[in-house]
Every structure is written in structure tokens, then in C-alpha cells.
Amino acid sequence: MFRGCKKKNGSRVVFCILATNPIIWFTMYKDKILNLLRLSRSGFLSGEELAKKIGISRTMVWKHIKSLEFEGFVIEAVPSRGYQISSEPDILRKSDLVRGLKTKIIGRKIQLLSQVVSTNTLAMEMASKGMPEGMVVIAETQTGGKGRLNRKWISPKGNLYLSVILRPNIPIHKAPLITLMGAVAVASAIRTVCNVQAAIKWPNDIHLRGKKVSGLLTEMSAEQDRIRHIVLGIGINVNMEINVLQVGIREIATTLAVEAGHNIDRTIFLHQLFQGIEHWYQEFLSNAAGVLTEWERLNVTIGNRVMVSSLGEMLEGLAQGIDSEGRLIIKQEDGSMRHISAGDVTLKS
Ligand code: BT5
């Protein structure tokens with residue numbers, strides 16, 4: 001579907017791709033029309049102007065306008081003035097994600113789907129087929145979103161569900177730190193974009209005012225002592241109606257929109273999150289201690305009395321810290337210390 005060609009441009013070699021697929025051309029023109037209309041949000045753009053600027057016929061402009069309306073854009077068409085966008089749907093568009101992306105690795109390759117069983121499952125499959133580090137699988141909804149221990153992650157429209165492929169050259173026992181690194185990136189992005197005090201609850205929850213707004217699920221493929229790949233899965237409740245969640249979960253969950261008091265632009269959020277993941281991942285690879293320090297600054301677990309359900313065992317004590325492998329250190333009533341690698345924490349004070 002693509003033909004590659006190389007042409008000299010002074011000393012620079014420019015690689016150009018000629019798309020021969022009509023669907024790609026259609027999408028490209030549609031994106032161009034959308035951008036032009038967005039830029040002239042204050043005024044109208046006539047079909048003639050659009051046609052001239054892009055180099056297509058007015059009939060094709062009209063077809064692209066209809067296609068945008070089909071996507072959910074509300075476009076006003078006034079005779080002798082032209083078209084104007086009145087409102088945009090809350091959908092993710094690949095062209096918007098690609099534009100404005102400031103990262104070098106994370107999100108440079110994106111697979112955006114309207115629905116998938118689980119972004120983690122798909123990303124694990126893609127990683128095993130050789131997809132590169134930094135590739136992100138994103139879906140508008142998941143039919144089988146996964147939590148830990150076979151639990152479900154409810155995944156209605158309006159939120160974010162994404163999985164990032166990573167190939168860190170680290171010992172296997174350090175892999176759990178990827179979850180902590182991801183949690184730092186998510187909490188930081190929420191704080192920056194939504195201006196609310198997101199906090200990390202060990203090991204994989206992000207909380208706002210004590211309610212869960214995000215969960216992380218890290219999966220790994222390894223052989224002997226080498227990591228093949230890790231998939232960092234992130235679910236964030238963004239703009240959904242909280243009542244979509246079933247009774248029993250909705251009381252302990254919240255969304256960014258509820259906490260910020262307004263809907264959140266998911267594209268802007270993703271750009272910030274990708275930058276955060278890239279920053280903290282690089283930091284982690286060069287000096288994991290820096291990530292742990294930031295994790296401690298953002299967490300709500302350490303210093304509290306906690307109950308931990310871990311691998312069928314119930315533990316109680318004071319959460320004293322995390323060790324260099326990301327395990328939670330608990331001081332029990334009898335003074336003994338336990339390092340816990342997996343579990344569910346309930347804060348008691
Ligand atoms: C997690 O598990 O919190 C990890 C969630 C990871 C989801 C992402 S979405 C993208 C990627 N693809 C996947 O398939 N998964 C990842 P855990 O700590 O086990 O928490 C699961 C529990 O959270 C459930 O048993 C519910 O109690 C609760 N829960 C489910 N859906 C929720 C939601 N949308 N918001 C808040 N809590 C929810």
C-alpha cells in the first residue's frame with residue numbers, strides 16, 4: 001500500500017512515502033479540512049476556500065464534511081459563508097495524537113482502536129511479534145479489560161485505556177518497579193493537566209480524595225534471566241458518567257472530570273502522560289532511586305496503618321516504606337518487618 005522513495009535535498013536525505021491507498025488519502029484530506037476549520041473557529045470557511053487550499057473539488061469537501069459529521073462533529077453550513085465547527089465529539093483521533101507529540105520514544109507508534117478485548121492482551125501479542133519499544137495501544141472501550149488476579153477493569157467510553165510496550169534491559173526482579181514508575185507518570189500527569197492532588201496507593205492505584213481514578217497492570221514476558229518485553233497497562237477514568245459503573249465499584253471510584261469540575265481533553269492528557277512516561281522511564285533506567293523518591297513524595301500509603309491482603313495472607317501494621325525492588329515494608333505489631341511484593345492495601349488511618 002506504500003511506496004517508499006528517497007530523494008536528495010541538499011545534504012539531507014528526505015524519505016517520502018507515497019500513499020496509494022484511497023482510504024489514506026481520504027483520511028488525510030479530512031484531517032486537513034478539520035485543521036483548517038479548527039484554526040478558523042471564530043469565522044467560517046467556504047467550500048471554495050477549503051477546496052482551493054487543499055487542492056480538491058468542492059464535492060469532495062462536502063463529502064469530507066459529511067464524514068466528519070458522521071464522526072460526531074457538529075458543523076454549521078451557512079449559504080454564502082461556508083462551514084464552521086460548532087462542537088467536537090469526545091473521540092480520540094490519531095492525527096491529533098500524532099500532532100503535538102513531544103516524545104522521542106513513547107507514542108511514536110500508536111495503534112488506536114474503537115474497541116478491543118484488552119489493550120494489554122493486544123500489546124503483549126504485538127510485542128511478541130517484534131513491535132518496538134514505546135509503541136502504545138489505545139482503545140476507546142474494552143470488552144474484557146483486565147485488573148490484577150483475574151479481576152475486571154470496567155471500560156466504558158469516555159475514559160483512557162492504554163498499554164505501552166517497554167523493553168528495559170534490567171534484571172527480572174526489578175520489573176515491579178515499572179508499575180511504580182508508571183504510577184508516578186500517571187499521578188504527575190493528572191496533577192499537571194487537572195490541577196488536582198492525585199496520590200499513589202501501593203502498588204498500582206491512583207487515588208483522588210480517597211477514591212480510585214486509575215489502575216495499572218504490568219505484564220511481562222521473560223526467559224530465564226532476561227526480560228523480553230513488559231507491557232505497562234493504564235486505565236484512567238476521565239469523562240465517563242460515574243453511574244455507568246456498577247454499584248459496589250462506583251462508590252469507591254471517581255473520574256478526572258468529577259474531581260476537576262469539567263471534562264478533560266483526553267488528547268492533551270495523553271500528550272502529557274506520554275511525556276511523563278518517557279521522562280520517568282529514562283530516569284528509571286539511569287537511576288531507579290530518583291523514581292522511588294518521587295513515588296514516595298506522591299504516595300498515600302507510607303506512614304499509615306494498613307491492612308494488606310497478600311497471596312491469601314492478611315497482614316496488619318505500619319507501612320514504613322518501599323525497598324529498592326518496590327516491595328512494601330510493613331512493621332507488624334510484634335515489631336517484625338515484612339517486605340510484600342504483591343497485595344491489596346486498605347488504609348486504616
Ligand atoms: C487494576 O487492577 O487496578 C489494574 C487496572 C488496569 C486497567 C488497564 S486498562 C488498559 C490495560 N488493559 C487492560 O486490560 N488492563 C489495563 P486491580 O488493582 O486488581 O483493581 C481491579 C478492581 O478495581 C476491580 O476488582 C474493581 O473493584 C475496581 N474497578 C474496576 N473497574 C474500575 C474502574 N473503571 N474505576 C475504578 N475502579 C474499578
Side-chain angles (χ1 to χ4, degrees), residues 92 107 110-127 135-166 176 178-180 182-183 185-187 189-190 198-220 229-259 266 269-270 273-274 277 300-301 306 308-311 326 328 340-347:
L92 295 169
I110 291 174
Q111 173 90 38
L112 174 61
L113 301 156
S114 58
Q115 183 170 296
V116 74
V117 176
S118 154
T119 56
N120 259 36
T121 305
L122 181 58
M124 285 295 280
E125 280 169 24
M126 294 179 113
M135 173 162 187
V136 184
V137 178
I138 309 172
E140 291 280 11
T141 59
Q142 297 182 118
T143 52
K146 298 187 292 187
R148 294 173 303 152
L149 306 167
N150 281 330
R151 290 187 288 230
K152 289 190 168 61
W153 186 256
I154 318 294
S155 310
K157 276 187 186 164
N159 294 335
L160 287 170
Y161 313 104
L162 62 139
S163 300
V164 186
I165 296 175
L166 300 171
I178 292 284
T179 306
L180 274 62
V186 174
I190 293 175
I200 304 168
K201 183 161 87 80
W202 187 91
N204 68 321
D205 285 1
I206 308 297
H207 277 206
L208 281 168
R209 291 190 304 119
K211 292 185 169 186
K212 185 161 175 171
V213 73
S214 169
L216 291 90
L217 176 69
T218 308
E219 295 185 84
M220 175 173 71
H229 52 260
I230 287 181
V231 163
L232 172 64
I234 303 170
I236 307 170
N237 298 336
V238 185
N239 295 328
M240 73 168 174
E241 288 294 327
I242 200 79
N243 288 346
V244 171
L245 295 179
Q246 69 221 50
V247 173
I249 297 182
R250 75 170 74 138
E251 296 78 8
I252 54 165
T254 189
T255 69
L256 296 183
V258 164
E259 302 300 324
R266 291 182 300 150
F269 187 89
L270 277 178
L273 180 60
F274 289 172
I277 295 173
V300 280
T301 312
V306 293
V308 189
S309 145
S310 173
L311 310 170
L328 185 65
I340 300 160
S341 54
D344 287 303
V345 170
T346 309
L347 303 178

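Count residues from 1 along the sequence. Order of listing sets the numbers, starting from 1, for every ligand and every atom in it.
- A donor-acceptor contact shorter than 3.5 Å links the side chain of Arg266 to the backbone of Asn159.
- By the criterion of a heavy-atom distance under 4.0 Å, the side chain of Gln142, and not its backbone, is placed next to ligand 1.
- Side-chain atoms of Tyr161 do not come within 3.5 Å of backbone N or O of Gly233 as any donor-acceptor pair.
- In terms of protein heavy-atom proximity, atom 1 (C) of ligand 1 is closest to Asn204 ND2, 3.4 Å.
- Contacts between Leu149 and ligand 1, counted as non-hydrogen atom pairs separated by less than 4.0 Å, are absent for every part of the residue.
- Of the protein's non-hydrogen atoms, the one nearest atom 10 (C) of ligand 1 is Thr119 OG1, 3.1 Å.
- Of the possible donor and acceptor atoms, one in the side chain of Trp202 sits under 3.5 Å from a partner among the backbone N and O of Gly326.
- Summarising the contacts of atom 15 (N) of ligand 1 with Met124, Lys146, Lys152, the nearest heavy atom is found in Lys146.
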Check the pair Gln115 / Thr143 against side chain to side chain donor-acceptor pair (under 3.5 Å), numbers first and verdict last.
CA-CA 7 Å; Gln115 183 170 296; Thr143 52; 4.9 Å; no
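- Side chains of Leu122 and Leu113 form a contact here, defined as non-hydrogen atoms less than 4.5 Å apart.
- Considering only non-hydrogen protein atoms, atom 8 (C) of ligand 1 sits nearest to Gly235 N, 3.5 Å.
- Counting protein heavy atoms only, atom 28 (C) of ligand 1 is closest to Ile249 CG2, 4.2 Å.
- Each of the atoms 10 (C) of ligand 1 lies under 4.0 Å from some heavy atom of Leu162.
- Taking all heavy atoms of Lys212, Arg151, Lys211 into account, the minimum distance to atom 23 (O) of ligand 1 is reached by Lys212.
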Given the rule in the side chain to side chain contact (heavy atoms under 4.5 Å, CB included) test, do Ile200 and Val186 qualify, once you have shown the distances and angles that lead to the verdict?
CA-CA 9 Å; Ile200 304 168; Val186 174; over 6 Å; no
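- In terms of N/O distances under 3.5 Å, ligand 1 is approached by Ile154.
- Each of the following atoms of ligand 1 lies closer than 4.0 Å to a heavy atom of Gly145: 14 (O).
- Here Asn159 has no heavy atoms under 4.0 Å from ligand 1, in either its backbone or its side chain.
- The N/O atoms of Ser118, backbone and side chain alike, include one that comes under 3.5 Å of an N/O atom in ligand 1.
- Without hydrogens or angle criteria, Asn237 side chain to Ala253 main chain gives no donor-acceptor distance under 3.5 Å.
- Taking both residues in full, the closest heavy atoms of Glu259 and Thr254 are given as OE2-OG1, 2.5 Å, listed atom of the first, atom of the second, then distance.
- Val231 places none of its side-chain heavy atoms less than 4.5 Å from the side chain of Thr119.
- Checked by distance only, ligand 1 and Asn237 come closer than 3.5 Å through their nitrogen or oxygen atoms.
- Side-chain contact check for Lys201 versus Val300: some heavy-atom pair is nearer than 4.5 Å.
- If you look at Arg148 next to ligand 1, the close heavy atoms, those under 4.0 Å, come from the backbone and the side chain alike.
- Of the protein's non-hydrogen atoms, Trp153 CZ3, 3.4 Å is the one closest to atom 38 (C) of ligand 1.
- Of all protein heavy atoms, the one lying nearest to atom 4 (C) of ligand 1 is Leu216 O, 3.5 Å.
- In this structure the side chain of Asn120 never reaches within 4.5 angstrom of the side chain of Trp153, judged on heavy atoms.
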